[in-house]
Amino acid sequence: MIRPGEYIRDIFKAATGTATTARGWVKTRRDSKGVTFIQLSDGSTFADLQIVVETGTIPENILKDVTTGACIAVIGEVVESPAAGQSVELKAREIQVYGAADSTTYPLQKKGHTMEFLRGIAHLRPRSNTFGAVYRVRNAISYAIHKFYQERGFLYLTAPLITTSDAEGAGAMFSVSTLDMMNLPRTSEGQIDYEQDFFGKKAHLTVSGQLEAEIFALAFSNVYTFGPTFRAENSNTPRHLAEFWMIEPEMAFCDLDGNRQLAEEFLKYVIAYVLDNCKADLEFFNKRIDDTVLATLENVAGSDFAHVTYTEAISILEKAVSGGKSFEFPVFWGADLQSEHERYLTEETFKKPVIVTDYPKEIKAFYMRLNDDEKTVRAMDVLAPRIGEIIGGSQREERYDVLLDKIRKQNLPEEHYWWYLELRKYGTAPHAGFGLGLERILMYVTGMKNIRDVIPFPRVPGYADF
RNA sequence: UCCCUGUUAGCUCAGUUGGCAGAGCGCUUGACUGUUAAUCAGGAUGUCGCUGGUUCGAGUCCAGCACAGGGAGCCA
C-alpha cells in the first residue's frame, strides 16, 4: 500500500537526493539515444512524474515492457530536472514491472480521445488525463460538501434507498421486488399480489430523501442527506442519469429566504474549495475542455447570485419577446419555464446563476408552502448558465389544514401521507430545504458537457455496463 | 419518448455523378546526446454498424433495425 508521503504528489515536494519508490501506470514513454523518459501517474495529482532512465541502467528485457498502460515501480533518486516542464524528476536505478500492457492493443493512446470512445472503456478511462481530473474534483467536492454542513452543525442523515412510500411524486420509480416475474402471484381481482413480495407491499428505489429529511429536521433542526437517488424516467439527455447522487439539506426554523441564502453560500463554498484545492485539474479543464471555466468559477465565488421571482422572470421574458426575441414555447404567467427561457435568464439577462422563487402553485409540488396571495408557492430553482437547473427546493407547507386541503384538492391518496401529516400535527415548525445534483455541480465546475462523463459508471436508459 | 444528424483502419475523419478502400494520429522497424501528446525516415493495418432491396456493379441509392451525438420533454 502507498502511504502518505509516498504518493507521486508527495514525491514532487521531496528534497533532491531523496531515495524513493514511485508506483503507478505509464502514460507515455519517449526514447532518445542515451536516455528514456517515462511519464508515470498514480492518480494522486494531475501532473505525471517524469522518470529518467539512462541507457544501460535498466536491462532491455525489463524496459521493453515499460509501455503506455503498464504498471510499474521505479526505485530511484529525486533529482532536479535540467529541462523545462517539471522542477524535479525521478532518476531510475531499478524498475519492476507489475503488469505489462500490450502496446499494439492497449486502447488508450497518447493522443486526444473523444468522450464517447472513453465511455466505452470505462474500466480504463480513469487513467486518462481528463477522467483523472474529473474524479479528483468529484472527490474534492464530495469532501467539501460534508465539510460545509458539518461546520454548520448539520446532522448527516443516511436516507433509505428502498422505500414503500409512493408519496414522493418526484418521478418514475424503479421497482424493487423478489417476486418471480415468470410466475407472479395474483389477488382475487387479478392484480399482482405485493403482499407476497419481500416487503409485503410494493417497493421502489428512492427518488428523493426529502421526506425522511423533513422527519429528521423536525428533531435535529438542521440535517442533510448525501446519497444515491434513482429515476426511472426515459430521459436521454446530457443532463440526466437513472442513478445519480444528491445532497438534500433540510432546515427547521427556516423560510425561503434562508433557504436561498444557504443554497448560494453552499455553492460558493464548494466552488471556492475546488479553486483552492484542485488548481491543476481546473487549469486542465480550462485549457482542454472549456476555456471559460476558471473565469466563471472565480466570478461566481466572488459575486452575488441574481434573484427574481417567477413573476419578475416572466416579465423579463415578455419584454424580450416584445423586443424581438423569439422562443419556441410561449411566455405567459402560469406557464412553466422551459429550458430556452432558463437559458435566456442565465446566459443573456444575468450571465451568472439566477435564483427564481415563488412559482405558480399549479406547476409545483403539493408540499410547497402556499403564499398569502394563494396563487404562488415558496418554491426555488437555482439556474446555472449551460447546465440549467442545478438546485430545486422550497419552503415546506407546515400548516396541517393547508397541507391537508392541498392533498385533497390534488386528489392524492390521503392515507399514504398519514405520517407526513402527523409531522404537522405534533410540533410542526416552519422548515425548508433543497436538492443539489452532485453531477450537475460537477458539470458546472469542470466544464464537462455530458453528465455521463462526471460519474464513474453512468446508468442511463439502455446502458448499465461496468 | 419525439425531432435532427451520424456510424468507413486501434483512434479522429475524408471518400466527388454508383465504377481499384484513403489521410492524419496511434502501432511497428530504424535514426537521433534531455525529451514534454519529442522529432525524422521506412512498414503493417478494413465484416465500410446490422439485415434486406434496387443495380452489370453499392461505402455511395432505398427500407427496416441497432447504437451514438445534438435538441426537446421529465428533473437534480
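Naming: A, B, ... by sequence-line order, numbering from 1 per chain.
Checked by atom type and distance alone, the side chain of Lys27(A) never pairs as donor or acceptor with a backbone atom of Lys110(A) at under 3.5 Å. In this structure, the side chain of Asp281(A) does not engage the main chain of Val137(A) through any donor-acceptor pair within 3.5 Å. Remark: the backbone N or O of Leu383(A) is not paired with any side-chain donor or acceptor of Asp381(A) at under 3.5 angstrom.
The P atoms of rU8(B) and rU12(B) are separated by 8 Å, rounded to the nearest whole Å. Across the C1' atoms, rC56(B) and rC40(B) are found 49 Å apart, a figure rounded to whole Å. Here the separation of rG59(B) from rC48(B), taken at their P atoms, is 8 Å to the nearest Å. Separating the P atom of rC62(B) from that of rC67(B) is a span of 22 Å, rounded to the nearest Å. The gap from the C1' atom of rC50(B) to that of rA76(B) amounts to 37 Å, rounded to the nearest Å. Across rU55(B) and rG43(B), the matching C1' atoms stand 39 Å from one another, rounded to whole Å. Rounded to whole Å, the separation between the P atoms of rG70(B) and rU33(B) comes to 48 Å. Atom name P, nucleotides rG52(B) and rA58(B): the rounded distance is 14 Å, in whole Å.
Residue Asn236(A) places a side-chain atom within donor-acceptor reach of the base of rU1(B), judged by atom type and a 3.5 Å distance cut-off alone. Checked by distance alone, Gln86(A) brings a side-chain donor or acceptor within 3.5 Å of a matching partner on the base of rU35(B). Below the 3.5 angstrom threshold, one finds no donor paired with an acceptor across the side chain of Arg30(A) and the base of rC32(B).
When the nucleotides rC75(B), rG34(B), rA68(B) are ranked by their closest atom to the side chain of Val52(A), rG34(B) comes out on top. When each of rG10(B), rA76(B), rG34(B) is scored by its nearest atom to the side-chain atoms of Gln109(A), the top-ranked nucleotide is rG10(B). Nearest to the side-chain atoms of Pro238(A) among the listed nucleotides rG70(B), rC75(B), rU1(B) stands rG70(B). Residue Phe37(A) places its side chain closer to rG34(B) than to any other of rG34(B), rG73(B), rA76(B). With distances taken from any side-chain atom of Phe117(A) to the nucleotides rU12(B), rA76(B), rA72(B), the minimum falls on rU12(B).
With RNA chain B read from its 5' end, the first of the two nearest nucleotides for Leu436(A) and Gln50(A) is the one closest to Gln50(A). Residues Pro107(A) and Thr68(A) each lie close to RNA chain B; by heavy-atom proximity, the contact nearer the 5' end of the strand is made by Pro107(A).
The aromatic ring centroids of Tyr344(A) and Phe327(A) lie less than 6.0 Å from each other. Taking the six-membered ring for Trp, His341(A) and Phe329(A) have ring centres at least 6.0 Å apart. In this structure, Tyr149(A) has its ring center under 6.0 Å from that of Phe266(A).
Phosphate proximity of rC32(B) to Ser32(A): absent, as no side-chain N or O sits under 4.0 Å from OP1 or OP2. Applying the 4.0 Å criterion to OP1 and OP2 of rG73(B), one finds that Gln338(A) has a side-chain N or O inside that range. An OP1 or OP2 oxygen of rC32(B) is reached within less than 4.0 angstrom by a side-chain nitrogen or oxygen of Lys33(A). For Thr28(A), no side-chain nitrogen or oxygen approaches OP1 or OP2 of rA37(B) to under 4.0 Å. Thr237(A) has no side-chain polar atom (N or O) that falls below the 4.0 Å cut-off from OP1 or OP2 of rG71(B). A sub-4.0 Å separation between OP1 or OP2 of rU28(B) and a side-chain N or O of Ser103(A) is present.
Using cut-offs of 30° and 60° for the angle between ring planes, the Tyr273(A) and Tyr269(A) rings count as parallel. Aromatic ring orientation, Phe174(A) versus Phe230(A): perpendicular (interplanar angle above 60°, classes split at 30° and 60°). The aromatic rings of His113(A) and Phe117(A) are tilted relative to each other, their planes meeting at an angle between 30° and 60°. The aromatic rings of Tyr359(A) and Tyr310(A) lie tilted to each other, with the angle between the two planes from 30° to 60°.
Per the geometry, CG belonging to Asp48(A) stands 14 Å off C1' belonging to rU35(B), to the nearest Å. Rounding to whole angstrom units, CD of residue Glu233(A) and P of rC2(B) are separated by 16 Å. In this entry the distance linking CD of Glu54(A) with P of rU33(B) reads 15 Å, nearest Å. Nucleotide rU35(B) holds its P atom 21 Å from the NZ atom of Lys27(A), rounded to whole Å. Atom CZ in Arg239(A) sits roughly 10 Å away from atom P in rG70(B) (whole-Å rounding). In this structure, the CZ atom of Arg343(A) is 11 Å from the C1' atom of rA72(B), given to the nearest Å. Computed from coordinates, the Leu108(A) CG to rA37(B) P distance equals 16 Å when rounded to whole Å. In this entry the distance linking CD1 of Ile387(A) with P of rG71(B) reads 11 Å, nearest Å.
Within 4.0 Å (heavy atoms only), Pro461(A) reaches no atom of the nucleic acid at all. The residue Arg29(A) sits apart from the nucleic acid: no heavy atom pair falls under 4.0 Å. Base contact: Gly112(A) has a heavy atom under 4.0 Å from a base atom. At the heavy-atom level, Thr104(A) lies under 4.0 Å from the strands shown only through sugar-phosphate atoms. Within 4.0 Å of Ile441(A), counting heavy atoms only, lies no atom of the nucleic acid at all. Counting non-hydrogen atoms under 4.0 angstrom, Glu89(A) reaches a base of the nucleic acid. Within 4.0 Å (heavy atoms only), Ser81(A) reaches at least one base atom of the nucleic acid. Note on Ile391(A): only backbone sugar-phosphate atoms sit closer than 4.0 angstrom, heavy atoms only; bases stay farther off.
Using N1 to N3 plus N6-O4 or O6-N4 for Watson-Crick, or N1-O2 and O6-N3 for G-U wobble, each under 3.5 Å, rA72(B) pairs with rU1(B). The nucleotide rA41(B) finds its pairing partner in rU29(B), both defining distances of the Watson-Crick or G-U wobble pair being shorter than 3.5 Å. Under the Watson-Crick or G-U wobble criterion, with both distances below 3.5 Å, rA9(B) has no partner in any strand shown. Pair check for rU16(B) finds none; no Watson-Crick or G-U wobble contact set falls under 3.5 Å. Pairing of rG59(B), defined by two Watson-Crick or G-U wobble distances under 3.5 Å, is not identified with any nucleotide.
Residue side chain Phe244(A) meets the stacking definition with respect to rA76(B): its ring centre sits within less than 5.5 angstrom of the base's six-membered ring centre, and the planes differ by less than 30 degrees.
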Detail all sub-3.5 Å separations between protein N/O atoms and N/O atoms belonging to nucleotides 41-49 of chain B.
none

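A salt bridge links Lys268(A) to Glu264(A): at least one charged side-chain nitrogen sits closer than 4.0 Å to a carboxylate oxygen. Using a 4.0 Å cut-off between a side-chain N of Lys or Arg and a carboxylate O of Asp or Glu, Glu283(A) and Lys287(A) do not qualify as a salt bridge.
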